[in-house]
Amino acid sequence: MTIISHRINGQKTGSGDSTPVFNPATGEESARVWSGGAAQIDAAVKAAAAAFPAWAATIPSKRAKVMYEMRRLMGANADALARAISAEHGKMRADALGEVARGLEVVEFACGIAHLLKGAYSPGVSAGMDSYDQRQPLGVVAGITPFNFPAMVPLWMMPMALACGNAFILKPSERAPSAPNLLHDLWLEAGLPPGVLNVVHGGKAAVDAILDHPGIAAVSFVGSTPIAEYVYTRGCAAGKRVQALGGAKNHLVVMPDADLDQAADALMGAGYGSAGERCMAVSVAVPVGEKTAEALVARLKPRVAALKVGPATDASAEMGPLVTAAHRDKVSHYIDAGMREGATLVVDGRGLKLQGYENGFWLGGTLLDHVTPDMTVYKDEIFGPVLSVVRADSYERAVALINAHPFANGTAIFTRDGDVARDFCERIQVGMVGVNVPIPVPVGTHSFGGWKSSVFGGHGVYGPEGVHFYTRLKTVTARWPTGLRGGAQFHFSAR
Ligand code: NAD
């Protein structure tokens, strides 16, 4: 059986323990992946630290050339990347290609790095004195990523960190390790010197080694909230700069004046696309008013029941399997809990079997109505194809509901009323907001990040926030010879 290797200093390596990688559609173990720990992280840090000075000294426009070439190579290899993603995650080919395209946006943004690293310049801040900013790389930085976007989330980090002049170590999810390796190989083909980028596979041992290693200056994490909090706390305690993005419970408000067919379409895609395994998936629909709720549920019910579930190789399927059997069972147990706690099960996706794929990790689309804020299905992130309907009797109640939830990654409102939409954008306590857009993932020129328990640390990822996270600000104040005369000064001078 293939054992998927680390990439350290441009070399494929691996030894010791390994963990299984599954094809979620068949339930078969398709490969194993080496499980790195302190020794592999230390080797990666040594390689990265040795490669860093030359890479940091490479002028930004030359670093940008690598970005341009990576952009071309990703276009040429989009199919291979999508196949690797679908084989280990289970998502549909179109969805996997979409993920590659969203990752590519960040590479494209990083092509403009020379412009993005420009600092502010203030001539004549005092007699004969000028002041200017420099943004310098941090050194060796690391990224820890989740299973659900094996290419896109690493690409939220790598292009930004590398274009800014850092050396980067990626610790991808052990459940979907192939696409990250493929990305590494493409970066090297694009001209990145060996050692500037390293990939170490594994689980907790590798993560802890990153958090404790004194040679790593900063850590970007994307994953579930408990692990995000752990990574943030331990990484900060070790003196690192840390950004840690966590889980979500995204609400979509449907106002009485909304186009209900459009809202139902949006909920189908945002609730069940990628089997709900997206941090920006909509997992709660909030229709305002009983009439809106009845009409919305009537539209959703037949469509959820008819959702076509299948393997990524079936072009007619709309939704794939869940990532592991354990995760499928966990989501199933949430549905049990919802029923026990009094929700109405409108469509039940449990127990789904597919002919020819009897051992796949399947769960059909599920719709729960009359969900209330005290229920477990409302409080927890489920991360599966389960949409809960929480009925609100007014717009104010809908806003209060969302603002009271600890998760605050994304949210959306569907309405034709500009005043209501504007008020929603102003008052809602959530990091990314959509107006008639169900999944408001910011484009590559903006930055991504939630609020409250959906993020720990002060920066969003990619875009301008990514440049700030991966660089340190230095401000130079310079005086030239004519201003040097005048003797020692022992106080701040008034300008
Ligand atoms: P996860 O938290 O289980 O794993 C994320 C990373 O942490 C992986 O690399 C994993 O190996 C590592 N890890 C797991 N357990 C650990 C432990 N005990 N100690 C140290 N490291 C550990 O998340 P996942 O299941 O891979 O991904 C799904 C989660 O990620 C969901 O909660 C989803 O909302 C979240 N997510 C968030 C965003 C965002 O931008 N906010 C984006 C994608 C996914």
Side-chain angles (χ1 to χ4, degrees), residues 19 21 24 33-38 41 85 88-91 99 102-103 106 142-157 169-177 179-180 199-212 219-235 242-250 274-283 322-324 326-328 330-331 380-384 406-411 430-432 439-442 447-457 459-463 465-466:
T19 54
V21 178
V33 59
W34 293 117
S35 201
I41 293 295
I85 294 166
E88 293 172 355
H89 176 285
K91 68 176 75 171
E99 156 171 7
R102 292 310 301 259
V106 185
I144 302 162
T145 53
F147 80 85
N148 67 320
F149 285 107
M152 184 182 80
V153 173
L155 285 165
W156 285 355
M157 304 170 185
I169 298 169
L170 176 69
K171 204 304 286 171
S173 170
E174 61 276 43
R175 287 181 266 176
V199 181
V200 177
H201 296 287
K204 181 170 169 49
V207 170
D208 287 350
I210 287 172
L211 298 175
D212 297 344
V219 177
S220 301
F221 172 90
V222 176
S224 60
T225 285
I227 312 297
E229 187 166 15
Y230 168 77
V231 164
Y232 184 73
T233 309
R234 188 160 170 167
V242 185
Q243 58 177 180
L245 281 71
K249 195 82 182 174
N250 305 316
S274 204
E277 290 173 327
R278 289 177 178 147
C279 66
M280 289 293 277
V282 171
S283 50
L322 292 185
V323 68
T324 56
H327 186 54
R328 187 260 326 270
K330 185 175 160 196
V331 176
D380 291 3
E381 179 183 45
I382 298 177
F383 221 57
F407 288 121
N409 215 36
T411 189
V430 176
M432 291 169 282
I439 306 188
V441 173
S447 300
F448 182 108
W451 285 14
K452 300 191 328 197
S453 322
S454 295
V455 76
F456 300 85
H459 292 90
V461 282
Y462 66 81
E465 294 265 307

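Numbering of ligands and ligand atoms starts at 1, following listing order. Since the model is a prediction, treat every value here as computed from it, not as a measurement.
Minimum heavy-atom separation, Ala228 to Gly246: CB-CA, 4.0 Å. Scanning both residues, Ser274 and Lys91, for their nearest heavy atoms gives OG-CE, 3.7 Å. The heavy-atom pair separating Ser447 from Tyr462 by the smallest distance is OG-O, 2.8 Å. Residues His201 and Lys171 come closest through the heavy atom pair C-CD, 4.2 Å. Between Ala38 and Ala209, the shortest heavy-atom distance links the atoms CA-CB, 3.6 Å. What you find for Pro146 and Val153 is that their closest heavy atoms are CD-CG1, 3.7 Å.
When hydrogens are left out, the protein atom nearest atom 18 (N) of ligand 1 is Ile227 CD1, 3.5 Å; that is the closest non-hydrogen contact. In terms of protein heavy-atom proximity, atom 28 (C) of ligand 1 is closest to Phe383 CE2, 3.5 Å. Closest to atom 27 (O) of ligand 1 among all protein heavy atoms lies Pro146 CB, 3.2 Å. Of the protein's heavy atoms, Thr145 O, 3.3 Å lies nearest to atom 8 (C) of ligand 1. In this structure, the protein non-hydrogen atom closest to atom 39 (C) of ligand 1 is Cys279 SG, 3.4 Å. The protein heavy-atom contact nearest to atom 1 (P) of ligand 1 is Ser224 OG, 3.7 Å.
Across Gly223, Pro150, Gly247, heavy-atom proximity to atom 35 (C) of ligand 1 is greatest for Gly223. One option in Phe221, Trp156, Phe147 has a heavy atom closer to atom 5 (C) of ligand 1 than any other, and that option is Phe221.
Ligand 1 lies less than 4.0 angstrom from a heavy atom belonging to Gly246.
Close N/O approach between Lys171 and ligand 1 is found [any backbone or side-chain N/O within under 3.5 Å].
Applying the side-chain hydrogen bond (donor to acceptor under 3.5 Å, both in side chains) criterion to Lys204, with sequence neighbours excluded, gives Asp208, Tyr230. Under the side-chain contact (heavy atoms from CB on, under 4.5 Å) criterion, Asp212 pairs with Arg234, sequence neighbours left out.
No side-chain heavy atom of Phe221 sits under 4.5 Å from any side-chain heavy atom of Val242. No side-chain heavy atom of Glu381 sits under 4.5 Å from any side-chain heavy atom of Ser283. Between Arg102 and Trp156 there is no side-chain heavy-atom pair separated by less than 4.5 Å.
Residue Glu277 does not touch ligand 1, judged by heavy-atom distances below 4.0 Å. Heavy atoms of Met280 found under 4.0 angstrom from ligand 1: none, in either backbone or side chain.
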Determine, stepwise, if the pair Leu322 / Phe383 fulfils side chain to side chain contact (heavy atoms under 4.5 Å, CB included).
-> CA-CA 9 Å; Leu322 292 185; Phe383 221 57; over 6 Å; no
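Within ligand 1, the atoms closer than 4.0 Å to a non-hydrogen atom of Arg175 are 3 (O), 24 (P), 25 (O), 26 (O), numbered from 1 in the order shown. Counting the atoms of ligand 1 from 1 in the order shown, those under 4.0 Å from a heavy atom of Asn409 are 41 (N). Every atom of ligand 1 is numbered from 1 in the order shown, and the set under 4.0 Å from a heavy atom of Asn148 is 43 (C), 44 (C). Atoms of ligand 1 lying under 4.0 Å from at least one heavy atom of Val207, given by number and element, are 20 (C), 21 (N). Below 4.0 Å from some heavy atom of Glu174 lie the following atoms of ligand 1, by number and element: 10 (C), 11 (O). Near Phe448, with a cut-off below 4.0 Å to any heavy atom, the atoms of ligand 1 are 39 (C), 40 (O). When each atom of ligand 1 is checked for a heavy atom of Glu381 under 4.0 Å away, the hits are 31 (C), 32 (O), 33 (C), 34 (O). For ligand 1 and Lys204, the ligand atoms under 4.0 Å from any heavy atom of the residue are 18 (N), 19 (N), 20 (C).
By the 6.0 Å contact criterion, NZ on Lys452 is enclosed, its count of non-hydrogen atoms from other residues, nucleotides or ligands being greater than 12.
Note that atom 23 (O) of ligand 1 has protein non-hydrogen atoms nearby, at separations under 4.0 angstrom.
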